[in-house]
Amino acid sequence: MGHLQNRNIIIGVTGGIAAYKIAETIRLLRRAGASVRVIMSRGAQAFMTPLTLQSLSGHPVHTDLLDETAEMGMGHIELARWADAYLIAPATADTLARLAMGRADDLLTTTALATPAPLFVAPAMNQQMWASQATTANMKLLLDRGVHVIGPESGEQACGDIGAGRLSEPSDIYAAIDAFFPTGKLAGKKVIITAGPTLEPIDPVRFISNHSSGKMGFALAQAAAEAGADTVLICGPVTLETPAGVTRIDIRTAAEMLDACRLYSATPVDLFIGSAAVADYRPQTAAEQKIKKGGASITMELVRNPDIIGEMAQMNPRPAVVVGFAAETEDLVDHAQAKRLAKQLDVIVANDVSRVDIGFNSDANAVTWIDESGAETIAMTTKNNLAKIVIERCAGLLGSSADLEFSGREGAGS
Ligand code: CTP
């Protein structure tokens, strides 16, 4: 790790039974070298004393907007400017509502407005409150503003209910913050990422395509570039800004995407990530002229498109790490694991597209990381933050890629 060294983190604690988990979160952040300052809401102080968090953070806890003594130490504006990241955990439904409205009626919310640092929220509440229309609308507002969301998790709740609303575990909260900061871990590495849909023409005005927004792939490219990689993003038609430092190649069809992947693999690739939603089939021939309507029905012959990531995984020399994405609606792990083995991928990142709150066009995502050792869930978070986590993990794999041997390739090249 090491990229939290000397980072300044404010933790805003609000009133929830899960507040006790913050003690461990502070410990993890400080152990990684971060300086931590704590703000507690009035509600939080009903669950935990400021003295506990003062001992753990090593600094007096800030509780009041208009506290003369605290303002003489580090005033709230100074505190807001000091931060490299502001984490609010647990974030109650009320806190999310007040953040969404831009309220500034206590120190915790005022600091959220006053800080230029990225804001992270880790919601925790009763499952019914989390699922309510009001909370959903507030979360959408916060996500649209670029707030990073960590969790919540599903499971048994303090109130006895079962469902989504549990505060993420300290180790997950820590990992999300840790992954946010640039690491430079991909310096000198070459990364190719495919993103967005492909568009398969039927005639000059019609095509077959899908709803992929490209957001995940663009977020991955940004994270890879921030980690220092020479990053090539090969994308279908999307309306997204090219991330800084990324070479963007626009293509339309799967065949063009494959050509671009081959072209940019002329020099060895360290990491290939296939996040594109490649059309599996294309019309056998695209009509040169617009097809005129005629009888009551029309038949079109579709033929298979090349499997781009499959070809990349068999290329010689092969990228050291090949990562696919799988969109599944049922038996997520089994289907994705089968896909990983069939395509000879090191990792497949699977997401459940049957869930309406995440996936294709949303800004948030929850995925399962599947490799030869099994499946591991990554807590729901923004696509930007998820991208950083995925890139961080890939960098970890690349670090040990000298001894990396794809488990399904025995005999094929060894
Ligand atoms: N992929 C690819 N080329 C294709 C199809 C898919 O490179 N022609 C890549 C995707 O970018 C993704 C992975 O393969 O990384 C899985 O894609 P997915 O569409 O979920 O799998 P399919 O193999 O198409 O299987 P199915 O549609 O039957 O679920």
Side-chain angles (χ1 to χ4, degrees), residues 191-198 200 208-217 219-220 234-236 253-255 257-258 261-262 265 269 271-282 302-316 318-355 358-360 362 365-378 380 383 386-387 389-391 393-394 396-398 401 404-414:
V191 177
I192 296 182
I193 297 170
T194 66
T198 64
E200 311 295 338
I208 296 174
S209 192
N210 58 63
H211 287 299
S212 170
S213 65
K215 283 178 186 165
M216 191 66 227
L220 287 163
I234 301 173
C235 59
T253 65
M257 185 174 270
L258 179 59
C261 287
R262 285 180 181 149
S265 305
V269 176
L271 169 64
F272 180 87
I273 306 182
S275 75
V278 183
D280 288 325
Y281 294 91
R282 67 177 184 282
L302 299 178
V303 293
R304 276 289 283 272
N305 265 332
D307 185 353
I308 297 167
I309 203 167
E311 177 166 329
M312 293 301 295
Q314 289 182 29
M315 191 170 262
N316 191 11
R318 179 189 192 272
V321 174
V322 181
V323 179
F325 273 71
E328 304 291 348
T329 54
E330 55 176 353
D331 298 333
L332 181 85
V333 174
D334 287 350
H335 282 164
Q337 187 64 284
K339 224 172 253 182
R340 185 185 80 82
L341 292 167
K343 296 186 184 222
Q344 304 201 348
L345 313 180
D346 301 292
V347 178
I348 198 148
V349 179
N351 66 339
D352 181 352
V353 284
S354 66
R355 278 181 63 172
I358 52 171
F360 260 4
S362 82
N365 211 345
V367 298
T368 306
W369 171 278
I370 300 169
D371 57 22
E372 63 179 326
S373 58
E376 194 187 333
T377 307
I378 299 178
M380 175 161 149
K383 282 185 178 167
L386 179 62
I389 295 173
V390 168
I391 290 296
R393 284 175 172 238
C394 290
L397 287 179
L398 274 172
S401 64
L404 196 81
E405 183 63 29
F406 172 67
S407 60
R409 274 186 298 162
E410 288 103 349
S414 51

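Small disclaimer: the values here were computed from a predicted structure and weren't measured.
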Can you tell me if [X] uses its side chain to pair, donor with acceptor, with the backbone of [Y] under 3.5 Å?
{"X": "Asp346", "Y": "Val323", "value": "no"}
{"X": "His335", "Y": "Glu330", "value": "yes"}
{"X": "Asn210", "Y": "Ser212", "value": "yes"}
{"X": "Arg340", "Y": "Leu345", "value": "yes"}
{"X": "Thr194", "Y": "Ile234", "value": "no"}

[atom1] of [X] to [atom2] of [Y]: how many Å apart, nearest 0.5 Å?
{"X": "Thr329", "Y": "Asn351", "atom1": "OG1", "atom2": "CG", "result": "11.0 Å"}
{"X": "Cys261", "Y": "Glu311", "atom1": "SG", "atom2": "CD", "result": "8.5 Å"}
{"X": "Ile309", "Y": "Gln344", "atom1": "CD1", "atom2": "CD", "result": "12.0 Å"}

Run the salt-bridge test on [X] and [Y] with the 4.0 Å N-O cut-off and return the result as yes or no.
{"X": "Asp307", "Y": "Lys339", "result": "no"}
{"X": "Arg304", "Y": "Asp280", "result": "no"}
{"X": "Arg393", "Y": "Glu376", "result": "yes"}

So [Y] and [X], do their side chains get closer than 4.5 Å, heavy atoms only?
{"X": "Leu386", "Y": "Ile378", "answer": "yes"}
{"X": "Val191", "Y": "Phe272", "answer": "no"}
{"X": "Ser275", "Y": "Leu220", "answer": "yes"}
{"X": "Ser265", "Y": "Met312", "answer": "yes"}
{"X": "Ile192", "Y": "Ile273", "answer": "no"}

Taking all heavy atoms of [X] and all of [Y], pick out the closest pair and write down the distance.
{"X": "Ile348", "Y": "Ala336", "answer": "CG2-O, 3.4 Å"}
{"X": "Ala254", "Y": "Val278", "answer": "CB-CG1, 3.6 Å"}
{"X": "Ala327", "Y": "Val353", "answer": "CB-CG1, 3.8 Å"}
{"X": "Glu200", "Y": "Ala279", "answer": "CG-CB, 3.6 Å"}
{"X": "Ala375", "Y": "Thr368", "answer": "CB-CG2, 3.8 Å"}
{"X": "Arg318", "Y": "Ala313", "answer": "NE-O, 2.9 Å"}

Practice item. May I have the step-by-step check of side chain to side chain donor-acceptor pair (under 3.5 Å) for Ser373 and Asp371, ending in yes or no? Key: CA-CA 5 Å; Ser373 58; Asp371 57 22; 2.8 Å; yes

Point to revise | Pair Leu271-Leu398, side-chain contact (heavy atoms from CB on, under 4.5 Å): steps then yes or no | key: CA-CA 8 Å; Leu271 169 64; Leu398 274 172; 4.1 Å; yes

Exercise for review: Tell me, with the steps shown, if Val390 and Trp369 meet side-chain contact (heavy atoms from CB on, under 4.5 Å).
Suggested key: CA-CA 9 Å; Val390 168; Trp369 171 278; 4.2 Å; yes

Point to revise | Single hit among Thr253, Ile208, Asn305, Thr198 for side-chain contact (heavy atoms from CB on, under 4.5 Å) with Arg282 | key: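 Testing Arg282 for a side-chain contact (heavy atoms from CB on, under 4.5 Å) against Thr253, Ile208, Asn305, Thr198 leaves exactly one candidate, Asn305.
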
